[in-house]
Engineer: 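Quick one: the structure is below, questions incoming.
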Amino acid sequence: MRATLRQRFGQVNTSEPLTKLLETKAARNFVTDASDSSCMSDDAVRSKLAALEIETPSWGYGNSGTRFHVYPWPGAARTVWERIDDAALVHRLTGCCPSVALHIPWDRVDDWPALRDYASGRGIRIGAINPNLFGDDAYRLGSLCHPDARVRAQALEDCRECVEIAQQVGSTIISLWLADGTNYPGQDDLRDRHTRLAAGLEELYGLLPPSTRLLVEYKFFEPGFYSTDLPDWGTAAMLCRHLGPQAQVLVDTGHHPQGTNVEQIVAVLLAEGLLGGFHFNNRKYADDDLIVGSIDPFELFRIMREIAAGGAENIAFMIDQSHNIEGKIDAMIQSVMNIQTAYAKALLVDEKRLTEAQLAGDVLGGHRTLLEAFETDVRPLLGRFRAQLGVAEDPVAAFRDGGYGDALARDRGTASVESAYEQL
Ligand code: RM4
Ligand code: MN
Ligand code: MN
């Protein structure tokens with residue numbers, strides 16, 4: 001059983017001895033070119049980049065806003081069909097975003113095979129299915145952790161529907177974020193909530209077909225301001241380990257307290273076989289959902305460096321972003337490009353020199369080795385990579401100069417939107 005899952009998922013939730021990972025690390029990193037440089041060759045970097053598929057979120061293409069106001073963007077997608085069109089356009093322009101994540105019920109349709117065919121007719125597929133367990137009045141006090149068993153049953157039913165949808169659209173990922181939490185000490189029993197959560201996740205896990213993974217997302221606050229039932233990676237990892245190999249942790253880069261060392265979380269989850277995927281975005285203060293790498297490109301580099309060192313196989317690279325004051329499509333493309341830039345730099349780390357510095361206790365030497373890769377101008381390399389894919393060197397410019405925005409604004413008009421996500 002374990003061997004089959006390992007083949008299917010690559011690195012899976014396992015307690016295999018970590019010494020094994022040390023051996024594979026050495027093999028993975030010292031890809032040398034003919035000149036015997038210990039950096040990865042240009043060809044090798046480009047083939048790693050070609051293997052990096054980035055999933056974009058349907059909810060990033062509609063109008064969204066803060067709790068203060070929604071500023072509608074001319075031509076923003078109004079329906080799930082238009083959101084798929086936009087995701088397909090991003091894939092056409094970047095060559096590396098072949099799937100789109102859906103949020104249920106925001107993206108609900110009557111005929112799922114028709115939606116799957118619509119997506120494939122546009123050159124993409126449907127990716128992670130995200131059950132939305134916060135958009136119903138019943139969920140005021142939580143979903144899987146709600147004190148009332150009837151609401152917990154409703155939440156599980158919503159999850160069951162998502163598992164069925166995933167099967168119908170050919171998706172193998174259920175990506176679960178719970179808005180569950182409390183606002184005040186004494187509002188509910190924290191230990192009981194944890195027990196309810198574990199029980200609910202166990203039931204959900206039991207519904208998964210063998211080929212499907214459950215990615216468990218954590219977030220330290222919001223909408224709960226006192227406690228969140230899945231507040232951190234440790235809780236998520238503990239629950240995933242308890243559930244079994246089809247459960248892995250999803251790291252949303254905006255879901256940590258200030259100053260958290262996110263790349264260390266990534267490193268540890270990778271080492272433990274528990275890293276299932278990412279929701280990329282950037283933040284300054286809270287869960288800001290800004291363009292990936294816009295505030296802290298060095299953090300993005302450090303995260304991608306752990307991926308470059310640990311292996312990207314079977315990790316779901318997804319964007320979770322919303323655009324409140326900017327256009328949707330070019331912002332999404334910019335995020336994709338920023339991830340690729342960070343990954344290309346990360347792949348250029350001179351691993352041999354780095355290891356030597358680390359073993360010699362050369363603190364500054366190790367640090368400078370990382371900085372050297374971060375400071376490398378990878379634009380020419382990315383230009384060559386994109387030429388090879390047959391897309392423009394600067395896909396954002398291609399979108400802006402290609403008249404796409406004007407055409408969409410003409411066809412779709414400007415919606416009048418009252419509240420954020422409910423009316424994507
Ligand atoms: C949450 C979390 C989820 C996303 C919702 C909209 O903060 O990041 O992944 O689906 O927002
Ligand atoms: Mn997220
Ligand atoms: Mn979030």
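First listed ligand is number 1; within each ligand, the first listed atom is number 1. Numbers for residues simply follow the sequence, beginning at 1.
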Engineer: What atoms in ligand 1 come closer than 4.0 Å to a heavy atom of Lys219?
Structural biologist: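 Listed by number with element, the hits are 7 (O).
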Engineer: How about CD on Glu393, more than 12 heavy atoms from neighbouring residues, nucleotides or ligands closer than 6.0 Å, or not?
Structural biologist: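 Incorrect, the count does not exceed 12.
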Engineer: Tell me, please, if His255 has any N/O/S atom, main chain or side chain, under 2.8 Å from the Mn ion (ligand 2)?
Structural biologist: no
Engineer: Within less than 4.0 angstrom of ligand 1, does His255 place any heavy atom?
Structural biologist: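 Right, His255 reaches ligand 1.
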Engineer: Below 2.8 Å, can you find an N, O or S atom of Glu217 next to the Mn ion (ligand 2)?
Structural biologist: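 It does; at least one qualifying atom falls short of 2.8 Å.
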Engineer: Hey, what's the angle at the Mn ion (ligand 2) spanning ND1 (His279) and OD2 (Asp320), nearest 10 degrees?
Structural biologist: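 Reported to 10°, the angle equals 90°.
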Engineer: On the ring face of Phe301, is Arg305 found with NZ or CZ under 6.0 Å from the centre and within 45° of the axis?
Structural biologist: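 Arg305 over Phe301 ring: no.
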Engineer: Answer yes or no: does an N/O atom from Trp106 fall short of 3.5 Å to an N/O atom of ligand 1?
Structural biologist: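 In fact, backbone or side chain, Trp106 has no N or O that close.
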Engineer: For Asn281 and Asp252, what are the C-alpha separation, side-chain angles and deciding distance, and is it a side-chain hydrogen bond (donor to acceptor under 3.5 Å, both in side chains)?
Structural biologist: CA-CA 7 Å; Asn281 49 53; Asp252 183 311; 3.0 Å; yes
Engineer: So, Arg152 and Glu203, do they make that salt bridge, N to O below 4.0 Å?
Structural biologist: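 Here Arg152 does not pair with Glu203 in a salt bridge, since their nearest N and O are not under 4.0 Å apart.
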Engineer: Side chain, backbone, both or neither: which applies to Asp287 and ligand 1 if a contact is any heavy-atom pair less than 4.0 Å apart?
Structural biologist: side chain
Engineer: What I want to find out is whether Arg125 reaches Glu55 closely enough, with some N-O distance under 4.0 Å, to be called a salt bridge.
Structural biologist: no
Engineer: Surrounding CZ of Arg412 (heavy atoms of other residues, nucleotides or ligands, distance under 6.0 Å), is the total greater than 12?
Structural biologist: yes
Engineer: Could you tell me whether Glu217 and ligand 1 have an N or O pair separated by under 3.5 Å?
Structural biologist: yes
Engineer: Check this for me: Gln264, atom CD, are more than 12 non-hydrogen atoms of other residues, nucleotides or ligands nearer than 6.0 Å?
Structural biologist: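 Open: at most 12 neighbouring heavy atoms sit under 6.0 Å from CD of Gln264.
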Engineer: Any salt bridge between Lys328 and Asp86, counting N to O under 4.0 Å?
Structural biologist: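 Between Asp86 and Lys328 there is no salt bridge, as every charged N stays at least 4.0 Å from the carboxylate O atoms.
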Engineer: Can you list the ligand 1 atoms lying under 4.0 Å from a non-hydrogen atom of His279?
Structural biologist: 9 (O)
Engineer: For the Mn ion (ligand 3), decide whether Asp287 has an N, O or S atom at a distance under 2.8 Å.
Structural biologist: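 True for Asp287.
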Engineer: At less than 4.0 angstrom from any non-hydrogen atom of Asp252, what atoms of ligand 1 do you find?
Structural biologist: 8 (O)
Engineer: Need the atom name: nearest N/O/S atom of Asp252 to the Mn ion (ligand 2).
Structural biologist: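 For Asp252, the N/O/S atom sitting closest to the Mn ion (ligand 2) is OD2.
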